[in-house]
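Let me begin by presenting the structure, written as structure tokens, before commenting on it.
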Amino acid sequence: VQLVVESGGGLVQPGGSLRLSCTASGSTFSLYAWAWYRQTPGEGRELVAAIGRSREAINYIPSVKGRFTIDTDDAKNTVFLQMDSLRPEETAVYYCNGGTWGSMNTPDFASWGQGTQVTVSS
């Protein structure tokens, strides 16, 4: 069974920054594309940023482009999301998962982890 564990969330003021981390179990991390997602109560899970298996292809949703950065440390089985200039509407639980580039809306590396809560509020 493969697992992911997210961390790094917290309470931050509008305009502030957080760096999320997600560590995956097993030995196949480098074979997957990776992505960060977020979910608010009553809403579906939204794909926020994704990085391809080669680590060269990267996509962001328009609202976070220029403010969020996704990257990986394959030696540590970890994917990061640097979030700058955070906005209150980005308050959500953030999740990571791995999958196939082009199909990151249906990731299949692991079951969803517990996520990490990000709260943007003054």
>> Would you say that L47 contacts I61 through its side chain, given a criterion of any heavy-atom pair below 4.5 Å between the two side chains?
In response: no
> Going through the distances and angles, do V64 and R38 end up as a side-chain contact (heavy atoms from CB on, under 4.5 Å)?
Replying inline: CA-CA 12 Å; V64 308; R38 63 190 179 192; 4.1 Å; yes
> Ignoring hydrogens and geometry, is there a side-chain-to-backbone donor-acceptor pair from D74 to F29 under 3.5 Å?
Replying inline: no
> Which value, rounded to the nearest 0.5 Å, describes the distance between I70 atom CD1 and F80 atom CZ?
Replying inline: 11.0 Å
>> Enumerate the side-chain hydrogen bond (donor to acceptor under 3.5 Å, both in side chains) contacts for residues 24-33, please, sequence neighbours excluded, ordered by first and then second residue.
In response: Q2-T28
>> Taking the basic N atoms (NZ, or NE/NH1/NH2) and the acidic carboxylate oxygens, is any pair closer than 4.0 Å for D71 and R19?
In response: yes
> Stepwise, does the side-chain hydrogen bond (donor to acceptor under 3.5 Å, both in side chains) test hold for S17 with D84?
Replying inline: CA-CA 4 Å; S17 298; D84 298 320; 2.7 Å; yes
>> Can a donor-acceptor pair be found, under 3.5 Å and without considering hydrogens, that links the side chain of T91 to the backbone of V120?
In response: yes
> Could you give the distance from CD1 (I51) to CD1 (I58), rounded to the nearest 0.5 Å?
Replying inline: 4.0 Å
> What pair of heavy atoms forms the shortest contact from A57 to S54, and how long is it?
Replying inline: N-OG, 4.0 Å
>> Using side-chain contact (heavy atoms from CB on, under 4.5 Å), reason through Y94 and L18 one step at a time and then give a plain yes or no.
In response: CA-CA 12 Å; Y94 284 70; L18 284 173; over 6 Å; no
> When rounded to the nearest 0.5 angstrom, what distance separates CD in E46 from OH in Y37?
Replying inline: 11.5 Å
> Rounded to the nearest 0.5 Å, how far does CG of L3 lie from SG of C22?
Replying inline: 10.5 Å
> Got a sec, which residues hit ring-ring contact (aromatic ring centres under 6.0 Å, His included) with Y60, two or more places apart in sequence or on another chain?
Replying inline: none
> Considering all heavy atoms of both residues, which atom of P14 and which atom of S121 are nearest to each other, and what is their separation?
Replying inline: CD-C, 3.6 Å
Donor-acceptor pairs under 3.5 angstrom involving side-chain atoms of residues 100-116: please list them, not counting sequence neighbours.
{"unit_1": "T106", "atom_1": "OG1", "unit_2": "S103", "atom_2": "O", "d": "3.2"}
{"unit_1": "Q114", "atom_1": "NE2", "unit_2": "E6", "atom_2": "O", "d": "3.1"}
{"unit_1": "T116", "atom_1": "OG1", "unit_2": "G9", "atom_2": "N", "d": "2.9"}

>> Nearest 0.5 angstrom please: E89 CD to S63 OG, how far?
In response: 8.0 Å
>> Could you walk me through whether Y95 and L20 satisfy the side-chain contact (heavy atoms from CB on, under 4.5 Å) test, starting with their C-alpha distance in whole Å, then the side-chain angles of each, then the deciding distance to 0.1 Å, before giving a yes or no?
In response: CA-CA 9 Å; Y95 301 86; L20 307 183; over 6 Å; no
> Is there a side-chain contact between M83 and V12 (heavy atoms, below 4.5 Å)?
Replying inline: no
> Is any side-chain heavy atom of V118 closer than 4.5 Å to a side-chain heavy atom of E90?
Replying inline: no
